[in-house]
Amino acid sequence: MREHRYRIIVEHLATASEGQEQHAPLRFDTGNHDDIFGIVEKIRSKQQFDADTSAALALGLKLFTEVMLKNRKHPLFEEINQPMRDFIGKLKSLPMAQGALQQ
């Protein structure tokens, strides 16, 4: 499968409570059949959420669904496969915000 390659870096900027330990950055490389940057822009253009929330939604979904796709026969994903397809279909069907650039 041809894929885009990405390096994901998550930095712990602050703890929820005083005295908690901050974690070292989490860094890993992964692939995805979609252009994640393009997906982020599409979700942002719908203006359902602020820009950071839209990016988190798009990135989280793309990382999760790529694992599902690459492991489609794994029993862990049996029950969530169709609901995830339905959710993504609903997300894609949301209208673009007025004045947003369409790709």
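Reckoned from all heavy atoms, side chains included, excluding hydrogens, waters and symmetry mates. FYI, the numbering just counts along the sequence from 1.
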Do L59 and V10 share a hydrophobic cluster, counting only Ile, Leu, Val, Met, Phe, Trp and Tyr and linking them when any side-chain heavy atoms are less than 4.5 Å apart? yes
According to the side-chain hydrogen bond (donor to acceptor under 3.5 Å, both in side chains) rule, which pairs have a member within residues 6-18, sequence neighbours left out? R7-D29
Ignoring hydrogens, what is the shortest heavy-atom contact between R44 and A55? Give both atom names and the distance. NH2-CB, 3.5 Å
State which residues pass side chain to side chain donor-acceptor pair (under 3.5 Å) with T30; sequence neighbours excluded, sorted by chain then number. none
Check whether any side-chain heavy atom of M84 lies under 4.5 Å from a side-chain heavy atom of L61, and answer yes or no. yes
Any H4 side-chain heavy atom under 4.5 Å of H33 side chain: no
side-chain contact (heavy atoms from CB on, under 4.5 Å) partners of L76, counting only residues at least two apart: H74
Would L26 and I8 show up in the same hydrophobic cluster when neighbours are defined by side-chain heavy atoms closer than 4.5 Å? yes
Any chain of hydrophobic side-chain contacts (each under 4.5 Å) joining V40 to I9? no
Inter-residue atom distance I36.CD1 - E41.CD, 0.5 Å rounding: 13.0 Å
Smallest separation among heavy atoms of N32 and L63, with atom names: ND2-N, 4.4 Å
Name all pairs fulfilling the salt bridge (Lys or Arg N to Asp or Glu O under 4.0 Å) condition that reach into residues 49-62, sequence neighbours left out, sorted by first residue then second. D34-K62
What pair of heavy atoms forms the shortest contact from L94 to K46, and how long is it? O-NZ, 2.5 Å
Could you name each residue pair satisfying salt bridge (Lys or Arg N to Asp or Glu O under 4.0 Å) that touches residues 77-94, not counting sequence neighbours? none
Count the heavy atoms of every other residue, nucleotide or ligand shown that sit under 6.0 Å from CD of Q22, and state whether that count exceeds 12. yes
Could you pull out all residues at least two apart from R5 that satisfy salt bridge (Lys or Arg N to Asp or Glu O under 4.0 Å)? E3
Output the distance between atom OG1 (T65) and atom NZ (K70), rounded to the nearest 0.5 Å. 10.5 Å
Quick check: does any side chain N or O of N81 sit under 3.5 Å from a backbone N or O of F77, one acting as donor and the other as acceptor? no
